[in-house]
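Worth saying up front: this structure is predicted, and the values here are computed from it rather than measured. The basis for the numbers below is simple: all heavy atoms, side chains too, and nothing from hydrogens, waters or symmetry mates.
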Amino acid sequence: MTYEEAKAYLEEVSHSGIVLGLDTMQELLKRIGNPQEKLKFVHIAGTNGKGSALAFISTILQCAGYTVGRYASPRVFNYEEFVQVNGENIAREAFCRYVKQIQSAILSMETEGMQRPTLFEVETAIGFLYFVEMECDVVVLECGMGGRDDATNVVENVLCNVLTPIGMDHTGFLGDTLEEITEVKAGIIKNRAPVCVGRQQKRARLVIEKVCGRMGCPLIMTDDTRLHVYDEMEYAEDGAAMIHFDYKYLTDMRIRLIGRYQVDNACLAIEAAKALDDWGLDISTEQIREGLAKTTWPGRFDTISMNPRIIVDGAHNPHGMRQLKESLEYYFPGNHLIGIMGVLADKAYDEECEMMAPLFDRMFTITPPSNPRALEAEKLAEVMGTFHNDVTACESIEAAVDAALKTANKDDSIIIFGSLSYIGEACRIVKKAVSGK
């Protein structure tokens, strides 16, 4: 099977849409040898911060000498980045081999009248097969949607459960209240493994506490009262901006992910690393320090140009937008900001527009390309226009970037934000526009 044939088959599989539940996933895995049973996991669920927490935790583990698998979505730059080992994408040869193996399993399932797996289920199975082949010591596994009925929740050998902040998201699938959504996301809690939990609203925290008690899992919460963030920005030897902070017994910690919310994700990763060390892995304080300082996570409050300053951020729901807003207010008080925004139609974009509009001098809207869920730029501009008096709908990302660059003065900053599905393409367009090539 060639790479083109593999991608074409997965495109066909994608028509299955979103189907929650574990039965089909368990049947598929049984037919390919249950690779997940040969692996150990750190399992992450939540609404925002899952990818950043995954990046921090897996980099710490790698600095501690472990071979670490990463499974994360959505992708930003390359299709294969959803499966990585020690930061390297799955090899295309292995990808094609596994798609062919899984295709055979699916054909046998369909012949027997069983439901075809979804694309996410197939991709998760690809990850498990690759992680076994690469002899991963630990796999850091991100839920796709929810937790309890998510395809990733077939795993049993869980060393640590991690819950990032939970908010209102995917209400059509997960529930209509914060309590209902939290109960679903907390469905990953199992195996009497420690549960490390980031900052939560009180209603969510109470649900998590009940689930931990029911499952006999120790609960470890991050502690804001023992966090101190230094106001002065620092810079690494390669010129990267870094946040300097102390947390509990760890002093002089630094991270390259400079969104203010990233400090919370780093503290959650510290708690997870400490829990893993207590439960049998060997992770030192210095390895935690090194891992935090080395962690990168493209597309999250990521400065991709300095002349002019251009920042991209995949804030794709109200909770993420609020975090982006806080970071912009902290780093650029009184600065002139120009926004480029593209979102998906099934998000709370009206609430997001009202929240973000006051920050910007001028707004450009785009339609995220090649995404059937994309909200049209004209509709987004219409909604944004109820909160802002200078909004332009653009026919493409290129047109929006070109217009923003022509509008920006040397001291202005351009912020490209919204759906992660277009951030990678936006980065490529910006690089070409700024370099002139």
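Looking only at atom types and distance, the side chain of N48 has a donor-acceptor partner in the side chain of H319 under 3.5 Å away. Side-chain polar atoms of E326 and Y331 form no donor-acceptor pair below 3.5 angstrom. Donor-acceptor pairing under 3.5 Å is lacking for the side chains of Q262 and D264. Of the N and O atoms on the side chains of S52 and R300, not one donor lies less than 3.5 Å from an acceptor on the other residue. Inspection of the Y247 and E271 side chains reveals an N or O donor paired with an N or O acceptor under 3.5 Å. When only modelled atom types and interatomic distance are considered, D246 and Y230 share a side-chain donor-acceptor pair under 3.5 Å.
Between H43 and the options T152, D150, N161, a side-chain hydrogen bond (donor to acceptor under 3.5 Å, both in side chains) holds for only T152. Of the listed residues (E352, E354, E351), just one forms a salt bridge (charged side-chain N to carboxylate O under 4.0 Å, His left out) with R322, and that residue is E351.
We find that E11 and K7 are not joined by a salt bridge, their nearest charged nitrogen and carboxylate oxygen being 4.0 Å or further apart. For the pair R203 and E180, the salt-bridge criterion is not met [side-chain N within less than 4.0 Å of a carboxylate O]. Salt bridge E12/R116: present, at least one basic N to carboxylate O contact under 4.0 Å.
Side-chain rings of Y3 and F95 approach one another, their centers coming within less than 6.0 Å. In this structure, the ring of F41 has its center no less than 6.0 angstrom from the ring center of Y71. No close placement of the F301 and F417 rings is indicated, their centers lying 6.0 Å or farther apart.
The CD atom of Q201 sits 9.0 Å away from atom CD of E179, with the distance rounded to the nearest 0.5 Å.
Heavy-atom minimum distance, F387 versus D350: CE1-O, 3.8 Å.
K50 places a side-chain N or O within 3.5 Å of a backbone atom of G46 that can act as its donor or acceptor partner.
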